[in-house]
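One structure below.
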Amino acid sequence: MEYVPPASLVPGRPVPSHVAIIMDGNGRWAQARGLSRTKGHRKGVEALRDTVRNAGELGVRWLTVYAFSSENWKRPPAEVRDLLGLLKRFIRRDLAELHREGVRVRIIGCRDTVPDDIRPLLEEAESLTRANTAMDLIVAFNYGARDEMVRAVQRIADRVADGSIASKDIDQALVSAALDTASIPDPDLIIRTSGEQRLSNFLLWQAAYSEFVFANCAWPDFDRNALLRAIAEYQGRERRFGDVAPLAETAAG
Ligand code: FPP
């Protein structure tokens with residue numbers, strides 16, 4: 001594993017409230033060690049567990065993770081079974097602990113096409129933790145941003161058709177509220193591991209003004225220091241949201 005110098009938060013600069021992560025590179029991590037892809041995904045779950053704890057300790061309020069995309073069904077059936085099994089085990093084994101820590105779990109993605117043995121687990125995770133306020137863990141499962149947008153457009157079209165809104169009432173706030181992420185603020189920082197630099201159909205609407213950090217390590221190696229480094233890089237960025245840069249202070253003030 002590549003040496004990464006120790007990182008620390010930048011004093012006086014805000015920690016991102018919402019961090020979203022594309023947890024990429026489990027397969028390559030395993031392959032590089034002569035292990036099965038399954039082992040890589042298992043290590044990935046450990047990295048996820050650590051990241052939830054570390055993010056909470058560092059002051060992150062919302063953490064979204066891309067666990068299974070609507071396109072991941074194309075993978076070999078054994079790997080799909082494996083990923084679904086890991087998700088089930090994660091909910092069964094970790095839910096009580098997450099609840100104790102005050103974490104509210106929310107699942108985004110298409111619920112209708114989720115296998116019948118998984119849907120109740122997702123519902124249980126959400127209902128048990130609904131009132132928690134320490135941190136929100138948003139798990140993107142069977143999620144694809146284009147699919148999310150299509151479902152949002154259908155919901156809005158239904159409301160126009162039944163007369164509850166007029167098409168001229170459709171604005172950005174209404175579209176945001178029709179997405180799976182309704183009431184969740186847009187991500188401040190999106191991290192992708194394993195050196196790939198693309199969004200892969202993740203949070204396309206919500207990422208309009210997100211900062212991106214691409215970490216070179218594979219997801220199983222993403223530790224507290226890697227998270228600190230990503231956050232410190234974010235803290236060094238200037239966010240303008242389409243505005244101009246603030247004028248540098250001059251000697252005259
Ligand atoms: C990408 O690695 C990772 C995934 C497709 C899934 C991420 C899943 C986990 C971290 C574990 C399961 C999650 C939960 C919530 C239990 P890859 O397989 O695409 O790696 P590669 O690009 O090196 O092949």
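None of these values were measured; they are calculated from a predicted model. Read the numbers this way: they start at 1 and go in the same order the structure lists the ligands and their atoms.
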Can you find an N or O of Asn72 that's nearer than 3.5 Å to an N or O of ligand 1?
-> no

Does Val160 belong to the same Ile/Leu/Val/Met/Phe/Trp/Tyr cluster as Met149, with side-chain heavy atoms less than 4.5 Å apart forming each link?
-> yes

Among protein heavy atoms, which sits nearest to atom 3 (C) of ligand 1, and what does the distance come to when rounded to 0.1 Å?
-> Met23 O, 3.0 Å

Looking only at protein heavy atoms, what sits closest to atom 11 (C) of ligand 1 is Val45 CG2, 3.7 Å

Donor-acceptor pair, side chain of Ser210 and main chain of Leu189, under 3.5 angstrom = no

Are Asp50 and Arg53 ion-paired here, with the side-chain N under 4.0 Å from a carboxylate O?
-> yes

Which atoms from ligand 1 have a heavy atom of Leu48 less than 4.0 Å away?
-> 15 (C)

Here the gap from Arg229 atom CZ to Asp223 atom CG, rounded to the nearest 0.5 Å, amounts to 10.5 Å

Electrostatic pair Glu126:Arg130 at N-O distance under 4.0 angstrom | no

Counting each atom of ligand 1 from 1 as listed, which ones have a heavy atom of Leu86 under 4.0 Å away?
-> 16 (C)

Are Asp116 and Arg111 within salt-bridge range, i.e. N to O under 4.0 Å?
-> no

Salt bridge or not for Asp169 and Arg159, using N-O below 4.0 Å?
-> no

Does the N or O separation between Arg28 and ligand 1 drop below 3.5 Å for any pair?
-> yes

Report yes or no: does Gln31 have a heavy atom closer than 4.0 Å to ligand 1?
-> no

Ligand 1 contact on Val65 by region, counting heavy-atom pairs under 4.0 Å = neither

Before signing off on this row, confirm whether Trp219 and ligand 1 have an N or O atom pair separated by under 3.5 Å.
-> no

In terms of atom number and element, which parts of ligand 1 are under 4.0 angstrom from non-hydrogen atoms of His41?
-> 11 (C), 18 (O)

Could you tell me whether Glu79 and Lys74 have a side-chain N and a carboxylate O separated by less than 4.0 Å?
-> no

Arg146 atom CZ, over 12 foreign heavy atoms within 6.0 Å | no

Can you check whether Asp180's main-chain N or O pairs, donor with acceptor, with Tyr143's side chain at less than 3.5 Å?
-> no

Relative to the heavy atoms of Leu87, which atoms of ligand 1 are at a distance of less than 4.0 Å?
-> 15 (C), 16 (C)

Could you find the nearest protein heavy atom to atom 7 (C) of ligand 1 and give me its residue, atom name and distance?
-> Ala67 O, 3.7 Å

Hey, which atoms in ligand 1 end up nearer than 4.0 Å to a heavy atom of Phe90?
-> 16 (C)

With atoms numbered from 1 as shown, which atoms in ligand 1 lie under 4.0 angstrom from a non-hydrogen atom of Asp24?
-> 1 (C), 2 (O), 17 (P), 19 (O), 20 (O), 22 (O)

Pull out every atom of ligand 1 sitting under 4.0 Å from any heavy atom of Arg75, numbered as shown with elements.
-> 5 (C), 17 (P), 18 (O), 19 (O)

Is ligand 1 under 4.0 Å from a heavy atom in the side chain of Lys88, in the backbone, in both, or in neither?
-> neither

for atom 20 (O) of ligand 1, nearest protein heavy atom and its distance come out as Gly27 N, 3.0 Å

Arg37, portion touching ligand 1 at heavy-atom distance under 4.0 Å = side chain

Indicate yes or no: does Glu196 engage Arg28 in a salt bridge with an N to O separation below 4.0 Å.
-> yes

Would you say ligand 1 has an N or O under 3.5 Å from any N or O of Val139?
-> no

Asp94 backbone acceptor or donor facing Arg49 side chain under 3.5 Å | no

Shortest protein contact, atom 10 (C) of ligand 1 (heavy atom only) = Asn26 ND2, 3.5 Å

